[in-house]
Colleague: 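Pasting a structure below so you can have a look.
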Amino acid sequence: MATMESLIGLVNRIQRACTVLGDYGGEGMSLWEALPSVAVVGGQSSGKSSVLESIVGRDFLPRGSGIVTRRPLVLQLHKTEGGQEYAEFLHAPKKRLTDFAYVRKEIQDETDRITGKSKNISNIPIHLSIYSPNVVNLTLIDLPGLTKVAIEGQPESIVEDIENMVRSYVEKPNSIILAISPANQDIATSDAIKLAREVDPSGERTFGVLTKLDLMDKGTNAQDVLEGKAYRLQHPWVGIVNRSQADINKNVDMIAARRREREYFQSSPDYGHLANKMGSEYLAKLLSNHLEAVIRQRIPSIIALINKTIADLEAELDHLGRPIGVDAGAQLYTILDMCRAFDRVFKEHLDGGRAGGDRIYGVFDNQLPAALRKLPFDRHLSLQNVRKVISEADGYQPHLIAPEQGYRRLIDGSLGFFKGPAEASVDAVHFILKELVRKSIAETQELKRFPTLQADIAAAATEALERFREDSRKTVLRLVEMESSYLTVEFFRKLPLEGDKAGNSTAPTMDRYADNHLRRIGSNVSSYVGMVCDTLKNSIPKAVVYCQVREAKRSLLNHFYAQVGGREKKQLGAMLDEDPALMEKREGIAKRLELYKSARDEIDSVAWK
């Protein structure tokens, strides 16, 4: 089995790593919160700072009247095998401080950076690690002292604000409460015990500490409290004798103070029988032993939380995309893989797996027929225009048998109207395809991390669609021109003979091409144009689909693939220039994932070896 020191030291390292990565609180329970820590609670001037300094064995906390601790101080003690003692702040990493007077000043300065020079408080913690061979592995959280009234310069809500802040730490099920109470005050009025009783009514998480035993009135003692008779807890009460203000002023070191504390209890007629369970050194060991037991008890739940978090982080990392290789081959593979992912989404839009492709059908089923119905055939084949075209067809020569040139000109002029709807269909489908490209890029999850590649794919797809549109435009116009280049003769052979009902074929020309005859010509041309219209109504969509939709599905990025294949590593890297915010997010997730995996392995190896 692992030693107590190694297991608690591991928890300290994990908590330290959590704070560095910002995995401290947040939605749900974080690993930091799942690991136990000790919250130090007490009223103002209860001796909290002296207790902490006694445990650490160093003067390092700011002192003064009123509220001195105005931000939570997360203090992590790391036991070392030797060497020089030093401290390190999370906000100033890798800056080792060996002068603890500077540590005190930095705590004060860092507090003022957030709260200003006022007497306000802030719930943003200060993280401090102390490395020393003279400490036990512990995580202690020094909280602002509970108070009953606001003093000058403090908001009226300060009393409630402090209590809410302290409560937010001590009510967590993995928090061990170190309730500091001065012995020269009635334990029934202790702010720390009152709050601990509310959040931990069974007393399972609460350790009671009684300070200032040496300052009690002569003839009185705190035996009932220390023996658990006045107020019983699940854990034993511990008495502490702190340095006096005179000792602090004289800079009496902690080694001498601890020796005096031991001598006080050993020689005390009131507490001599409890001497081996009193003092700051015993308190530190007691907390350390309890932490070790709690950690062992909660290892299964901690491992379960770690495994769940690892799975969540893996899923999130897969969602964001894994880091890219640095060599050109890996970069090219990534680009082509992103293109294929986009292409799959684009085809799903066209084939019906996603919305959008149905709009193309709407062009052929609604827009094209509506445009054809609006063509000005009535005006073009009106009696007046037919007479004009027929009359002008042969110039000064009279019609001998039939006005063939007039027929052809009327038909040719009518078929020319089909070019507009044909080109409009091409443009409408082109617009839809461009929209589907834009939507497909936005919906391709893999592409979200590469804004430059998104733009390159969009540009390449747009360029390809322009080529497809031009080919389609030429094709549909050619279809229209083919209809006007060769008329279906069989259609006209089936028309009634031009002679009148009386069979008088020798009537004057003016009589043969009177209004009724011109109307018949217009009707014949209209029937032929209608037949052509039915043909084009089917052939134009086929041409558009063949030239635009089919090609977009088959070869939208073919030209882009050829270009990318010839680019150098630097150019490929520029295409994979990720969104900085996304890179930062993925890097943070990757670091957290590494932390959790490492924590799982370490806990397994240390706890069960």
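Along the sequence shown, residues are numbered consecutively beginning with 1.
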Colleague: For Arg71 and Thr111, work out which heavy atoms get closest and say how close.
Modeller: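 Taking every non-hydrogen atom into account, CD-CA, 3.7 Å.
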Colleague: When you measure from the centre of the six-membered ring of Phe450, is the NZ or CZ of Lys448 under 6.0 Å away and within 45° of the axis?
Modeller: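 No, a cation-pi geometry is absent between Lys448 and Phe450.
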Colleague: First locate atom OG of Ser440, then atom CD of Glu435, and finally report the distance between them rounded to the nearest 0.5 Å.
Modeller: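 Those atoms lie 10.5 Å apart.
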Colleague: For the side chain of Thr475 and the backbone of Asp471, is there at least one donor-acceptor N/O pair under 3.5 Å apart?
Modeller: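 It does hold such a pair.
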Colleague: Hey, can you tell me if His91 and Phe89 have their rings parallel, tilted or perpendicular (30° and 60° cut-offs)?
Modeller: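 Rings of His91 and Phe89: tilted, 30 to 60°.
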Colleague: Looking at Glu587 and Lys591, does any basic side-chain N land under 4.0 Å from a carboxylate oxygen?
Modeller: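 Yes, Glu587 and Lys591 are salt-bridged.
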Colleague: Under 4.0 Å between a Lys/Arg side-chain N and an Asp/Glu carboxylate O for Lys553 and Asp351?
Modeller: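 Yes.
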Colleague: Just verifying a value: how many Å separate Asn174 CG and Ile295 CD1, rounded to the nearest 0.5 Å?
Modeller: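 One gets 10.5 Å once the value is rounded to the nearest 0.5 Å.
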Colleague: May I ask you to decide if Gly522's main-chain N or O and Ser526's side chain share a donor-acceptor pair within less than 3.5 Å?
Modeller: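 Flag not set: sc Ser526 to bb Gly522 has no pair under 3.5 Å.
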Colleague: Mind checking what makes side-chain contact (heavy atoms from CB on, under 4.5 Å) contact with Leu332, not counting sequence neighbours?
Modeller: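 Once residues adjacent in sequence are excluded, the partners of Leu332 under the side-chain contact (heavy atoms from CB on, under 4.5 Å) criterion are Leu336, Val564, Leu572.
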Colleague: Going by salt bridge (Lys or Arg N to Asp or Glu O under 4.0 Å), name the residues that satisfy it together with Glu171, two or more places apart in sequence or in a different chain.
Modeller: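 Residues passing salt bridge (Lys or Arg N to Asp or Glu O under 4.0 Å) with Glu171: none at all.
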Colleague: Give a yes or no on whether a salt bridge exists between Lys308 and Asp312, defined as a side-chain N under 4.0 angstrom from a carboxylate O.
Modeller: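 Looking at Lys308 and Asp312, the cut-off is met.
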Colleague: Hey, does the side chain of Ser122 reach the backbone of Ile124 with a donor-acceptor pair shorter than 3.5 angstrom?
Modeller: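 It does hold such a pair.
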Colleague: Considering residues at least two apart in sequence or located in another chain, which fulfil the salt bridge (Lys or Arg N to Asp or Glu O under 4.0 Å) criterion with Asp337?
Modeller: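 Residues passing salt bridge (Lys or Arg N to Asp or Glu O under 4.0 Å) with Asp337: Arg340.
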Colleague: Are there over 12 heavy-atom neighbours, none belonging to Arg354, within less than 6.0 Å of that residue's CZ?
Modeller: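 Enclosed: over 12 neighbouring heavy atoms sit under 6.0 Å from CZ of Arg354.
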Colleague: Report the residue from Thr535, Leu479, Leu372 that forms a side chain to side chain contact (heavy atoms under 4.5 Å, CB included) with Phe418.
Modeller: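 Running side chain to side chain contact (heavy atoms under 4.5 Å, CB included) over Thr535, Leu479, Leu372 with Phe418 returns exactly one hit, Leu372.
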Colleague: Take atom CZ of Phe431 as the centre, draw a 6.0 Å sphere, and report whether it contains more than 12 heavy atoms from other residues, nucleotides or ligands.
Modeller: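 No, CZ of Phe431 has 12 or fewer neighbouring heavy atoms, counting only those of other groups under 6.0 Å.
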